[in-house]
Amino acid sequence: MSDAGPSQRLDKWLWHARFFKSRTLAAKQCEVGHVRVNRVPAKKPSVTVRPGDLLTFPQGNTIRVIKVLALGDRRGPAAEAQGLYEDQTPPPEATEVRQRNPARPRGEGRPTKRDRRALERLLDRDE
């Protein structure tokens, strides 16, 4: 089965495109089965990718959907790496956006030192 056209190892391409800091990390994600090539889980980092392939893999809290546009010759600067792919990841919905410090209504959660002292005074009076 010889497919025409240039190809590159999946782990090497992910590293060239700067999705992972090292080729070893990219290979581990492939071996665990977290990376999909054209909706098929890639169990080996040696799976070949070609321009036009669709990659799906988790990165942080999001699922990335990437279309391969070109193969990398080297791990160059970020601007060069961004030319290797087209990001088709859907934008996060408003409900999925997490606030760093969400507002908490007064009285909910852990009691403050003032609340604790008031509670102790109340309990001491009942004895």
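It should be emphasised that the depicted structure is a prediction, and the values quoted were computed from it without experimental measurement.
- Linking ILVMFWY side-chain heavy atoms closer than 4.5 Å, directly or via other members, places Leu25 and Tyr85 in a single hydrophobic cluster.
- Between the side chain of Gln8 and the backbone N or O of Gly72, at least one donor-acceptor pair lies under 3.5 Å.
- Residue Ser46 holds its OG atom at 9.5 Å from CD of Glu31, rounded to the nearest 0.5 Å.
- The minimum heavy-atom distance between Arg75 and Lys21, with the atom names listed, is NH2-O, 3.9 Å.
- Between Glu80 and Arg74 there is a salt bridge, with a side-chain nitrogen of the basic residue lying less than 4.0 Å from a carboxylate oxygen of the acidic one.
- Residues Lys67 and Asp53 form no side-chain contact, since every pair of their non-hydrogen atoms from C-beta on lies 4.5 Å or further apart.
- Following chains of ILVMFWY side-chain contacts shorter than 4.5 Å, one cannot reach Val37 starting from Val65, and the two form parts of different hydrophobic clusters.
- In terms of heavy-atom proximity, Ala81 sits nearest to His16 at CB-O, 3.7 Å.
- Counting heavy atoms from C-beta outward, Leu71 and Pro51 have side chains that approach closer than 4.5 Å.
- Minimum heavy-atom separation, Ala70 to Trp13: O-NE1, 2.9 Å.
- Residue Val47 is grouped with residue Leu55 when hydrophobic side chains (ILVMFWY) are merged at heavy-atom distances under 4.5 angstrom, including chains of intermediate members.
- Taking a 6.0 Å sphere around CG of Asp73, one finds it holds 12 or fewer heavy atoms contributed by other residues, nucleotides or ligands.
- Contact between Pro45 and Asp11 at its shortest, heavy atoms only, is O-OD1, 3.2 Å.
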Trace of the side-chain contact (heavy atoms from CB on, under 4.5 Å) decision for Thr56 with Ile63: CA-CA 7 Å; Thr56 309; Ile63 303 294; 3.7 Å; yes
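- A pairwise comparison of heavy atoms in Ala42 and Leu10 identifies CB-CD2, 3.7 Å as the closest pair.
- Without hydrogens or angle criteria, Asn38 side chain to Leu54 main chain gives a donor-acceptor distance under 3.5 Å.
- Defined by atom type and a distance below 3.5 Å, a donor-acceptor pair is missing between the side-chain atoms of Thr62 and Arg64.
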Intermediate values then yes/no, side-chain contact (heavy atoms from CB on, under 4.5 Å), Phe57 and Ile66: CA-CA 9 Å; Phe57 57 92; Ile66 303 297; 3.9 Å; yes
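- With hydrogens and angles disregarded, no donor-acceptor distance shorter than 3.5 Å links the side chain of Trp15 to the backbone of Thr24.
- Looking only at distances, a side-chain donor or acceptor of Gln59 sits under 3.5 Å from a matching main-chain atom of Phe19.
- Between the side chain of Arg18 and the backbone N or O of Gly76, at least one donor-acceptor pair lies under 3.5 Å.
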